Amino acid sequence: MELSRFNCGELGLADIGRNVCLCGWVDALRDHGEVLFIHLRDRSGIVQVLFSPEQTAADSYTRAGSLKGESCITVTGTVVARIAGTENPNLETGLIEVAAYELTVLSQADILPFPVSEKAMIAGQPKTAGNVTEDLRLQYRYLDLRRPSMQANLIKRHRINKCVRDFLDERGFIEVETPILTKSTPEGARDYLVPSRVHPKNFYALPQSPQLFKQLLMVSGLERYFQIARCFRDEDLRPNRQPEFTQLDLEVSFIDEEFLYELIEELIARMFALGGIVLPRPFPRMAYCDAMDTMGSDKPDTRFGLRFVEATDIFQQTSYGIFRQIVDRGGCIKGINIPQSSEQLSKNVLQNEYAKEIVPGFGAKGMTWMRVQGDKLESNIVQFFSSAEQAAIRNRFQAADGDVIIMIADASYDIVTSVLGELRLHLARRLNLIPEGAFSPLWVTDFPLFLATEEGITSNHHPFTAPDRTDFDPFNREELLSLNSRAYDLVMNGEELGGGSIRIHDRDVQFKIFRALGLTDRQVQDKFGFFLRALDFGAPPHGGLALGMDRVISMILGAASIREVIAFPKNRSAYCPLTEAPSEVAEEQLAELSLLNLSSWQELPGAGENSDLLDNLSWVSRIAVSDQERPIIAAALKEAEKMAENIAVQSGEDMPLFSILPVKNQMRKEALAKNSYLAETGQMLKNAPAVKGAFFKVASILE
Ligand code: ASP
């Protein structure tokens, strides 16, 4: 009798008496002498199967005795109720078990590199990979992915992707795939390059994002595009970064910022709802300068307070030397009131840990601290402040008994805000100020369009972001740095989940931006000529955004890192322990890609340079040219060049024909077929790789 397959995790009391066939992996084995129990696991869950001499066919019973963990098996048997008292409340299927009568081992498992079972039968056992190193998990990722918690992550990821697709489809978006082998799309990272064999010394770039293509799709009139797209950025390694990652990329025509805020808030709310998380709507918004001014970050964590208080003006006349100097140099003094923290933040902690160790590590020279005791301030330097200054501090910081005030003073506004920003996070963690399970979304808006660099300026987002006004002078650095962009970032709990902008759709403005970035006409043409050209043909106003899906999903699932929600991630060093990528390739392969000068005995001529026409021809035809041959061939080439010029003049405006003769060996009627004397005497082309009689083969590219 052929039995249909049932899912292990779906069996229950209603199935008692049913004969079933199960397929899966041996999660755990327990040998009770006569009776052998196993936990059989498939994607749906785990069920207990028992083998006994009474119920199990003799040969199957013997086979069961030598089963190994993680072997792949199929079992047929009957669903029975467990004997009272032996139920397992930690298993979904814990009220029943399957009495097996037949067992087939589909594939035995070797000794495991680490335990795969998450021991669902033991109460309270955490579902983690225990002490297994991440590299070992990644090396045997296929086993790691057998673990129910990892499968749950991938299944959730699938559900979230599906929710995205359904929602955007509902809103009239069309999913379009864009190229992976393409030209550089600048997003501020290095490109991953792919050498072209067919076009020696030319490279494709892997897309840092589909930015240019999605804008081109708007020019094409697609109106609403999205893609769950793979992006590649060669950036410095960070724990939660992958060289390739997935973005939900979208673009819309004829809209403004408000359209996108509404769309994305609804989308994000639906995605988070799949993790049981309700987000507050509408999402609050904050201008970039306010975020920097009050939280020292363009992706501020708004789950807790500790906002900065401006204090520079209080110390205009101060006699406290350090502050005096900073004020005189046009610097900045800001602080934070940490309410009711004087018990945890003792003098010792503030002075010896924070002022001496932690704060210098964040990049400031020092930190000023004061503890509020009654209506007095207490610290190692409070005596340097006048009573008017002390009163102003208490007032400005709204100081109450038991509070602690810290201040950072520096000639540079950027140092003050960034150090206070780090301190704010450090203190919040130390003092447990971040509420468990809170989600605090925020739109950050009104970014500066450009950032100052040592060499000049650079785009804060990417060069296709629309400025807030278009009448700027592209060569006036001051003015450029004063421009804001129409960009917006979506931030949640101090992490940037995504960002986008309204784009430039006017060719001249786009050109001006490239000039402002210091690109020459030539560079603009080489890098973005095709894109500017597209803006010549009725480009609609448009804007869009991209969300980092790995981050969003790991946040929804509460995963420890983005690698927990990616099937086959690279490790923290951008290396894949499973496939051992990146790996070395054979020299021949490099040579074929024009990436290598082979050692002298096998050197392909011209591999190193492409400036010399002769070397170049010799390289593409794979025919070595000796020193004696060079002048003869060079003269012949000159002749050919002259002829080509003549033809060009003769043909005038007419398009040249690419092939004037059918491609076969032909001789002029009156000409006597004769072999070249130079070839015959071996003076010429003696290194031709494939010689047939008096002929030699040339690469078809030469034809
Ligand atoms: N292409 C941008 C990025 O990858 C997002 C966007 O502007 O739509 O960050």
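All of these numbers come straight from a predicted model, not from anything done at the bench. Ligands are counted one by one from 1 in listed order, and the atoms in each one are counted from 1 as well.
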ask   = Side chain or backbone of E496 under 4.0 Å from ligand 1, or both, or neither, by non-hydrogen atoms?
value = neither

inquiry  = Is the shortest side-chain heavy-atom distance between I255 and L263 below 4.5 Å?
reply    = no

message = Would S209 count as a polar contact of ligand 1, with the cut-off being nitrogen or oxygen pairs under 3.5 Å?
response = yes

key: Taking atom 5 (C) of ligand 1 as the reference point, the nearest protein heavy atom with its distance   = G499 O, 3.4 Å

message = In the structure I gave you, are the side-chain heavy atoms of E175 and I228 within less than 4.5 Å of one another anywhere?
response = yes

ask   = Any N/O of Q208 closer than 3.5 Å to an N/O of ligand 1?
value = no

request  = Please determine if E262 and R171 form a salt bridge, counting it only when a charged side-chain N lies under 4.0 Å from a carboxylate O.
outcome  = yes

inquiry  = Are Y575 and E580 packed together at the side-chain level, in the sense that at least one heavy-atom pair is separated by less than 4.5 angstrom?
reply    = yes

task = Give a yes-or-no answer on whether the side chains of W443 and E265 include a donor-acceptor pair shorter than 3.5 Å.
result = yes

remark   = Within 4.0 Å of some non-hydrogen atom of A546, the atoms of ligand 1 are 5 (C), 8 (O)

ask   = Should you measure from each heavy atom of L545, which atoms of ligand 1 turn up under 4.0 Å away?
value = 8 (O)

message = Judged on heavy-atom distance to atom 4 (O) of ligand 1, which of H462, R233, E251 sits nearest?
response = R233

For K214, atoms of ligand 1 separated by under 4.0 Å from a heavy atom = 6 (C), 8 (O)

query = Taking the six-membered ring of F304 as reference, does the NZ or CZ atom of R424 fall below 6.0 Å from its centre and within a 45° cone about the axis?
reply = yes

ask   = What residue and atom, counting heavy atoms only, is the protein's closest point to atom 9 (O) of ligand 1, and at what distance?
value = E187 OE1, 3.7 Å

cation_pi(K512, F472) dist<6.0 Å, angle<=45 = yes

